[in-house]
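Chain identifiers are assigned alphabetically (A, B, ...) following the order of the sequence lines, protein sequences preceding nucleic acid strands; residue numbering begins at 1 within each chain.
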Amino acid sequence: MAYKPNLQRTWWLQHRFFRAYMLREATVLPLVFLLCSLLAGVYSLTSADAFIAWQGFMAKPWVIVIHTLALLASFYHALTFFQLFPRVMPIRLGDKSVPAVVMIAAQWSGTLTVIALFLWLFGGGL
Amino acid sequence: MQQFEVLVVGGGGAGLRAAIAAAETAPEGRIALLSKVYPMRSHTVAAEGGAAAVTRADDSYAAHFADTVAGGDWLAEQGVVDYFVKQAYQELVQMEHWGCPWSRQANGDVQVRRFGGMKTERTWFAADKTGFHMLHTLFQTSLKHSNIQRFDEFFVVDLLVNDGEINGVLALEISTGELHAIQAKTVIMATGGAGRVFRFNTNGGIVTGDGMAMAYRHGVALRDMEFVQYHPTGLPGSGILITEASRGEGGVLVNKDGYRYLQDYGLGPETPLGKPENKYMELGPRDKLSQAFWQEQQRGRTGNYNGSDVVYLDLRHLGKDYLYERLPFICDLAKSYVNIDPVTQLIPIRPAVHYTMGGIETNAQTATSIRGLYAVGECASVGLHGANRLGSNSLTELLVFGRLAGEEAMRHARTSAPEMDQTKSAQTLRQWQQKLQTLTASKASGVTWVQLKRELVQTMEDGCGIYRTESGLQASLAKVRQLKQQYQQVQVGDTSRAYNTDLLQCLELEFCLDVAEAIVLASLERRESRGAHQRLDEGMTARNDQDFLRHSQVFFQSQADATLTWQAVDTSLSTPGERAYGAQGQQSEAR
Amino acid sequence: MHKEIQIKRYLPEEHAEPFWQTFRVPYDETTSVLGALNYIKEELDSTVSFRWSCRMAICGSCGYMVNGIPKLGCKDFVRNYPAALRIEPLAHFTVERDLMVAMDEFLQHLEAVKPYLIAEPSEPHKPHRQTPAQLAKYKQFANCINCGLCYAACPQFGLNPEFVGPGAIALAHRYNLDSRDQGKAKRMPVLNTHDGVWSCTFVGFCSDVCPKGVDPAAAVNQGKVESAKSMLIQMFRGGA
């Protein structure tokens with residue numbers, strides 16, 4: 001005689017930790033939208049009309065809102081990813097393991113460098 | 001149920017080592033391993049400091065032998081000690097080959113540390129969780145052997161004995177409450193100590209002397225039971241163990257005035273901070289250190305922590321990095337249980353019952369007086385520790401004698417064909433079924449094990465502590481016998497069958513009561529002071545080889561008081577000498 | 001000081017369904033959850049059943065859910081809970097009585113990963129050499145006390161009981177990382193399957209609840225890297 005409670009569909013609402021995890025997983029949703037938008041842009045390059053229509057679509061306020069969300073989501077995802085990375089790929093130099101903080105800092109500085117590079121290359125107008 | 005060739009009772013270090021040895025001796029042999037808890041819960045898991053073996057070039061078997069025999073105040077069986085010191089290294093190497101994560105030197109060799117009463121650094125360790133790592137290594141290694149059939153959470157309640165020969169065991173399957181008579185040609189008891197007989201101890205709740213009591217009830221002697229080791233450094237309140245390795249690594253003990261009081265008790269002169277010296281001061285043996293605490297307490301020089309008298313362990317000078325590398329568990333325990341950070345604060349500590357030197361009497365090959373019954377580890381008295389055990393000898397003991405017991409039992413099983421008396425087994429089974437039914441017949445209204453247990457541990461603490469007196473022991477003995485009477489009326493509140501932990505604790509108390517009677521009786525009859533057994537009565541405060549260079553043997557008598565006899569000690573290799581530490585020890589060695 | 005403690009009881013011989021029972025327990029700064037349970041058993045209701053032994057967080061017996069989080073009863077303190085405590089058996093395991101769960105469900109997974117050193121016999125009378133750096137590579141994963149808290153924390157194990165799970169994978173990884181071991185090829189087939197490392201979505205809660213700082217999530221995800229490598233190697237070997 002024994003019992004085993006089934007995991008309910010709402011298990012992830014149980015506490016903060018699971019909610020944060022689901023948020024991390026949910027970052028994929030606005031990113032999928034962004035990806036589809038970009039693909040549509042590439043596809044629209046075949047004709048001028050289509051490209052102008054696409055530009056119009058990209059300028060719609062709700063699209064901008066979702067893309068802003070996608071930006072925030074990607075930052076949040078990067079944050080969680082960078083934190084997990086040192087645990088999945090620990091690096092040892094000689095006898096000492098490289099502290100997680102150093103690895104996280106290195107990843108962020110890499111990200112910032114790339115952003116700065118892009119701003120410098122394409123952001124002249126900004 | 002099938003018949004086994006070797007049946008091991010207890011899944012701790014000794015039991016697992018024995019089972020593996022039996023399995024290696026006969027790869028197709030039928031081996032059973034019964035344990036009242038999952039093996040990795042066994043109390044070996046809590047051993048911290050390390051395991052001793054002669055390792056360094058400047059060390060020798062003779063030195064380890066001399067330390068052990070003198071540490072045991074010449075009550076050790078010298079032939080046994082001689083065998084032990086010679087087998088120790090190979091057993092630790094075997095553990096290494098099975099994957100035990102021993103701490104290492106920079107060049108990859110195994111690291112050894114200082115330990116109390118040991119002349120040379122010879123204690124192998126895995127940080128400060130040596131027992132944990134050894135137990136898990138052994139448990140995981142045992143999984144390789146498909147011929148070891150495990151019965152986890154089977155609580156053995158009795159031995160099946162027929163005409164002086166073992167026939168198997170009677171076990172209660174905890175998850176169902178069902179009793180099973182399990183037949184075996186040989187049985188190895190590896191059930192651990194009995195520290196829970198005392199109120200204030202370092203032991204887990206399961207350390208209740210079950211195996212000792214079972215063998216004892218069938219006529220095997222419990223030997224040297226008066227020698228109960230107080231570990232000098234337990235946490236106040238809980239009794240949680242703070243390893244001796246913390247002193248081996250350089251920790252020092254101070255009283256409430258910050259004074260290193262051990263120098264007043266024959267362990268000095270004071271060694272400089274951060275320069276511990278073997279067999280001086282904090283690296284004296286456990287009995288001497290615990291006795292020194294008691295003396296300080298009498299002089300009013302102990303501090304107070306939540307109502308407990310305490311002295312302090314100072315580790316601060318070792319520095320954070322070293323502490324976290326060598327003593328991470330201690331840092332964690334101090335933080336969790338007394339909210340102290342050893343890097344910056346003193347840890348309050350006091351002695352707590354830690355180990356029973358005595359146990360089921362065996363010969364040098366771990367065999368008992370019942371044919372086919374073996375005993376090993378803390379439940380056994382093979383004669384290694386004498387009147388006081390040196391720290392780090394017992395983890396090695398589990399291996400050396402665990403292997404020996406496994407091999408001996410398997411050999412015996414293969415060369416003998418014991419008369420299996422089914423009727424007698426069935427009869428024992430029926431008696432126990434009757435007994436358990438009576439215990440759980442109705443929701444308790446009368447005496448409960450809780451009350452009796454409280455009175456037992458209190459009287460053991462009062463009458464049978466670090467220092468003992470005739471009147472105190474008399475009172476305790478009378479009390480224990482009275483409690484045994486009262487136990488006859490005990491009732492268990494839980495009437496169910498599955499997982500009846502109330503019933504288990506009630507049965508454990510019965511084991512405790514029998515073991516307690518043996519401890520007190522032997523303590524009363526040993527009218528001298530030796531090792532961990534110290535008497536305050538006139539004419540008994542010193543060692544008396546004339547009358548007491550002998551083992552005590554206590555025998556169970558059903559329906560009557562236990563009886564005691566004396567047995568000669570093997571002193572064939574080293575004649576009893578003066579037992580001294582510190583500068584005195586140095587002098588007497590020079591002589 | 002007193003605290004209300006609710007325990008999820010299950011007495012299959014008396015009631016078909018589990019039920020909650022409330023106790024009022026005195027406590028001070030040092031009272032652990034286990035201490036409170038023992039008080040209940042000795043003073044209030046001797047039928048309450050739970051496992052415990054060492055009471056110093058090393059034997060791994062006393063895992064329970066306390067207010068929904070897996071905890072070791074001996075290392076969790078009543079003082080940490082300003083309101084009432086709700087104690088339940090470890091999640092995701094079969095409950096057999098009160099706080100007793102079927103630990104065999106964990107042991108089966110542990111046995112499946114061959115958690116022991118697999119090596120050709122070296123010199124029989126000499127230890128291997130292993131530098132502190134080689135030891136440090138796996139030491140953290142060797143600290144697992146098999147308490148099962150990580151399984152109770154893992155929703156993937158809750159959804160799929162065949163998932164080998166964090167604790168067992170951490171121990172497999174511990175041996176894979178050991179410089180003395182040669183058994184990785186024998187362990188990887190178990191880890192390579194869907195029920196091996198690939199059931200893990202790196203929720204990471206297992207590592208948060210681990211009382212010994214083992215970080216099983218790290219082990220599982222390092223295991224994914226190893227698994228990917230081993231599967232690629234197999235693919236090429238198989239193709240050649």
*Asks:* With only heavy atoms counted, which part of Glu325(B) is less than 4.5 Å from chain C, the side chain, the backbone, both or neither?
*Replies:*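 Neither part.
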*Asks:* Could you check which of Asp45(C), Asn38(C), Leu107(C), Val48(C) has the highest count of heavy-atom pairs closer than 4.5 Å to chain B?
*Replies:* Leu107(C)
*Asks:* Would you say the side chains of Ser175(B) and Glu153(B) form a donor-acceptor pair under 3.5 Å?
*Replies:*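 Absent: no donor and acceptor within the cut-off.
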*Asks:* Name the member of Cys54(C), Ala102(C), Gly60(C) that forms the most heavy-atom pairs with chain B at distances under 4.5 Å.
*Replies:* Gly60(C)
*Asks:* What part of Arg497(B) lies closer than 4.5 angstrom to a heavy atom of chain C: side chain, backbone, both or neither?
*Replies:*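 Contact with chain C is through both the backbone and side chain of Arg497(B).
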*Asks:* Please classify the contact of Cys100(B) with chain C as side chain, backbone, both or neither, using a heavy-atom distance under 4.5 Å.
*Replies:*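 Backbone only.
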*Asks:* Checking heavy atoms, do the side chain of Arg55(C), its backbone, both or neither come under 4.5 Å from chain B?
*Replies:* both
*Asks:* With salt bridge (Lys or Arg N to Asp or Glu O under 4.0 Å) as the criterion, how do Glu226(C) and Lys184(C) come out once you've worked through the C-alpha distance, each side chain's angles and the decisive distance to 0.1 Å?
*Replies:* CA-CA 10 Å; Glu226(C) 292 304 318; Lys184(C) 193 160 145 191; 2.6 Å; yes
*Asks:* Answer with yes or no whether the side chains of Glu105(C) and Tyr151(C) bring together a donor and an acceptor at under 3.5 Å.
*Replies:*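 No, because no side-chain N or O of Tyr151(C) sits under 3.5 Å from a partner of the opposite role on Glu105(C).
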*Asks:* Give me the contact list for residues 134-146 of chain C versus chain B, heavy atoms only, anything under 4.5 Å, ordered by residue number.
*Replies:*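 Leu135(C), Tyr138(C), Lys139(C), Ala142(C), Asn143(C), Cys144(C), Ile145(C), Asn146(C), listed by number.
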*Asks:* Let me know if Gln105(B) has heavy atoms under 4.5 Å from chain C in its side chain, its backbone, both or neither.
*Replies:* backbone
*Asks:* With a distance cut-off below 6.0 Å to the six-membered ring centre and an angular limit of 45° from the axis, does Arg113(B) pair with Phe125(B) as a cation-pi contact?
*Replies:*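 Geometry flag: set, cation within 6.0 Å and 45°.
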*Asks:* Checking heavy atoms, do the side chain of Ile206(B), its backbone, both or neither come under 4.5 Å from chain C?
*Replies:*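 For Ile206(B), the contact with chain C is made by backbone and side chain together.
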*Asks:* Which region of Tyr499(B), side chain (C-beta onward) or backbone (N, CA, C, O), has a non-hydrogen atom less than 4.5 Å from a non-hydrogen atom of chain C, or is it both or neither?
*Replies:*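 Its backbone and side chain both get close to chain C.
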*Asks:* Using atom types as modelled and distance alone, determine if a side-chain donor or acceptor of Lys335(B) lies under 3.5 Å from a backbone N or O of Ile340(B).
*Replies:*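 Not at all, since once roles are kept as given, no pair shorter than 3.5 Å links the two residues.
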*Asks:* Using non-hydrogen atoms only, which part of Thr202(B) is less than 4.5 Å away from chain C: side chain, backbone, both, or neither?
*Replies:*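 Backbone only.
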*Asks:* Which atoms of Val45(B) come close to chain C, meaning under 4.5 Å heavy atom to heavy atom: side chain ones, backbone ones, both, or neither?
*Replies:*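 For Val45(B), heavy atoms of backbone and side chain both lie under 4.5 Å from chain C.
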*Asks:* Any residues in residues 10-31 of chain C near chain B, with a heavy-atom distance under 4.5 Å, and which are they?
*Replies:* Glu13(C), Glu14(C), Thr30(C)
